[in-house]
Amino acid sequence: MTNYLSELNHIRPQNVSDIQNALTLARKNKANVFVTSGGHNWGYGEVKGVKSDAIHLDLSSMKKILDFNPRTGVVRIEPGVTQGDLETYLKENNLNFYVPNTGAGKRGSILGNALERGFGISPVHDHAESILFVKGILADGSPYESALGEVNRNLAESFTWGVGPQLDKLVTQSSWIVVTEASIQLERKAKCTDILLLPLKEDELATALNKIRDLLQDNSVHIGSIKIFNQKQVSKVKTEEEWFLTMVIYSHPAVRKAYLKIVKGYFKEFQSPKKLILNEPKTRFLKKILELIPLEGAKKFALQLKDFLEMFKLANGGTSEVGYRALDIGFNYQNQMFDMKSLDQKLIWFSPLCVFDGDEALRLFKIINQLNTHEEFRFNTFTWTVLNKRTLAMVIPILFNPLHEEKFWPWYESIHQDLKNMGFIPYRFHVKMMPFLKKNLLPGYFQHVEKFEKAFDPDDIIQSEKYS
Ligand SMILES: Cc1cc2nc3c(=O)[nH]c(=O)nc-3n(C[C@H](O)[C@H](O)[C@H](O)COP(=O)(O)OP(=O)(O)OC[C@H]3O[C@@H](n4cnc5c(N)ncnc54)[C@H](O)[C@@H]3O)c2cc1C
């Protein structure tokens, strides 16, 4: 065993046998391990397990990119590989593929985020969906690999159903395995990227959402990330448009014009003079011109375009700090990374799911506004994210004084109970919410989960009580 046992509450394995040794040690001592790949699960529990005395198994030193197949875009990585690592690797090797990025920037790990079922901006934006193959260690120390791995690894990555029950699907948001390696599908970059910008009035939101859903259902255009930000995130100047839609459109030069025409057709009834479809060179040019105009309005618009260029970076598979703007803490990134330690407030994400339907989205938003009555725990920034053709998520950061955390959790539980009573639930939970999730929100389902977890991890060694 390498020298990592100096601090028993924090073990940093360098390889698979270190992980096996750590699990053996945990079994012998009836201890529990909490696993992280990057350790930046901000707003969902950071590096804490549900059990406060769990040993932190920190896989961030296992950083190898083991293989990349440029023909298929399948990359084989160790847990510690971050978005930044993959970005550098792709750049250095002249590989024209998107990094599966998120708003968390360079430091977020590819695997940790996929295991939490996080979602991002560039394709494939549903990160759990892009997991093709996993290897890991079970609580008894035995190795696990995806079904067809015993026959042919390439075939296993190609046909992910394998044969028999598909256990890989049970790896995300679970606690029966330490994942040591995964193959992830990367997408090759499209030749053209355009972004539709459309400011929307409050009463246009439902119609716009239905139009977006119809566009996706019609399957005629390659649409990428779709987000609708509340106005506050886009500009400090109040306008009559409460929402701001951004939709990424990928294409080939041969079909680009036609694609943009199709998209424009869907949104022709929205008459905002600020409706634009921009590409990156056009945005840079516009920003330069606006910076030269000695008018306050022009300067402000140029600043918005600066953020917008960061959106292009993300849409084109790079990394960016622009996501930290959603926290509404006045962070103005230049070239520096935001230091989460400098944040003197506690951050918790609240991300309820919604059926992709305009009226249902309005109903959720109304409920969220009705729940937004606490004097300290407030929802200020709202982002609708399109998860797929059927599902939306409303993503909200909550920031508060860490000294008031004790008061926070009962309030947070109560809003989840109210939300459940109205038919809504988030897609992902903070570690502190695990007992409430199991007991109050999904008690029937988690009875089955518990039986499964007991079979795979009978002594409850791995990530006790996290989604189990
Ligand atoms: C400004 C901001 C923007 C953000 N934007 C996004 C966003 O766009 N999308 C998004 O999804 N999140 C976002 N986040 C939330 C969070 O920071 C990211 O999801 C981040 O990627 C998670 O941290 P990580 O990748 O280091 O995961 P980790 O902390 O390494 O892992 C997360 C969890 O996965 C499990 N896990 C990790 N590795 C293993 C393993 N090897 N074996 C078994 N289980 C494992 C553990 O339960 C762990 O707690 C954002 C946060 C901030 C502050």
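Counting convention: from 1, in listed order, for ligands and their atoms alike.
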Checklist entry - Within a distance of under 4.0 Å, is there any protein heavy atom near atom 45 (C) of ligand 1? => result yes
Checklist entry - Name the one of Thr383, Thr381, Asp328 that satisfies side-chain hydrogen bond (donor to acceptor under 3.5 Å, both in side chains) with Gln233? => result Thr383
Checklist entry - Which protein heavy atom lies closest to atom 18 (C) of ligand 1, and at what distance to 0.1 Å? => result Asn113 ND2, 3.6 Å
Next on the checklist: Heavy-atom contact check, 4.0 Å cutoff: does Ala326 meet ligand 1?
Outcome noted: no
Next on the checklist: Heavy atom to atom 25 (O) of ligand 1, shortest distance: which of Gly45, Gly136, Ser109 holds it?
Outcome noted: Ser109
Next on the checklist: Applying a heavy-atom cut-off of 4.0 Å, say which part of Ile177 lies close to ligand 1: side chain, backbone, both or neither.
Outcome noted: backbone
Checklist entry - Cationic tip of Lys454 within the cone over Trp176's six-membered ring, i.e. under 6.0 Å and within 45° of the normal? => result no
Checklist entry - CD/Glu310 to CD1/Ile121 distance, rounded to the nearest 0.5 angstrom? => result 11.5 Å
Checklist entry - Hey, looking at atom 1 (C) of ligand 1, which of Phe34, Tyr324, Trp176 has the closest heavy atom? => result Tyr324
Checklist outcome for this item: Quick look: Leu59 vs ligand 1, heavy-atom contacts under 4.0 Å, and the answer is side chain
Item to check | Sub-4.5 Å side-chain heavy-atom contact between Val16 and Ile137 | outcome: yes
Checklist entry - Can a donor-acceptor pair be found between the side chains of Thr193 and Glu280 at a distance below 3.5 Å? => result no
Item to check | Salt-bridge contact Arg107-Glu321 (side-chain N to carboxylate O under 4.0 Å) | outcome: yes
Checklist outcome for this item: Within 4.0 Å of some non-hydrogen atom of Gly323, the atoms of ligand 1 are 1 (C)
Checklist entry - What do we get for Gln463 next to ligand 1 when only non-hydrogen atoms under 4.0 Å count, side chain, backbone, both or neither? => result side chain
Item to check | Side-chain H-bond candidate by donor/acceptor type, Thr102 with Gln83, under 3.5 Å | outcome: yes
Checklist entry - When the aromatic ring centroids of Phe456 and Tyr144 are compared, is their separation below 6.0 Å? => result no
Next on the checklist: Could you tell me if Arg76 sits above the aromatic ring of Phe133, with its cationic atom closer than 6.0 Å to the ring centre and no more than 45 degrees from the axis?
Outcome noted: no
Next on the checklist: Tell me the contacting part of Arg107 for ligand 1: side chain, backbone, both, or neither, using a 4.0 Å heavy-atom threshold, strictly below.
Outcome noted: neither
Checklist entry - What part of Trp349, side chain, backbone, both or neither, has a heavy atom within less than 4.0 angstrom of ligand 1? => result side chain
Next on the checklist: Does the residue Thr82 have a heavy-atom contact with ligand 1, meaning some pair of atoms that are separated by less than 4.0 Å?
Outcome noted: no
Checklist entry - When you measure from atom 12 (N) of ligand 1 to each heavy atom in Glu78, Arg428, His127, which option holds the nearest one? => result Arg428
Item to check | Residue portion contacting ligand 1 (non-hydrogen atoms closer than 4.0 Å) for Leu115 | outcome: side chain
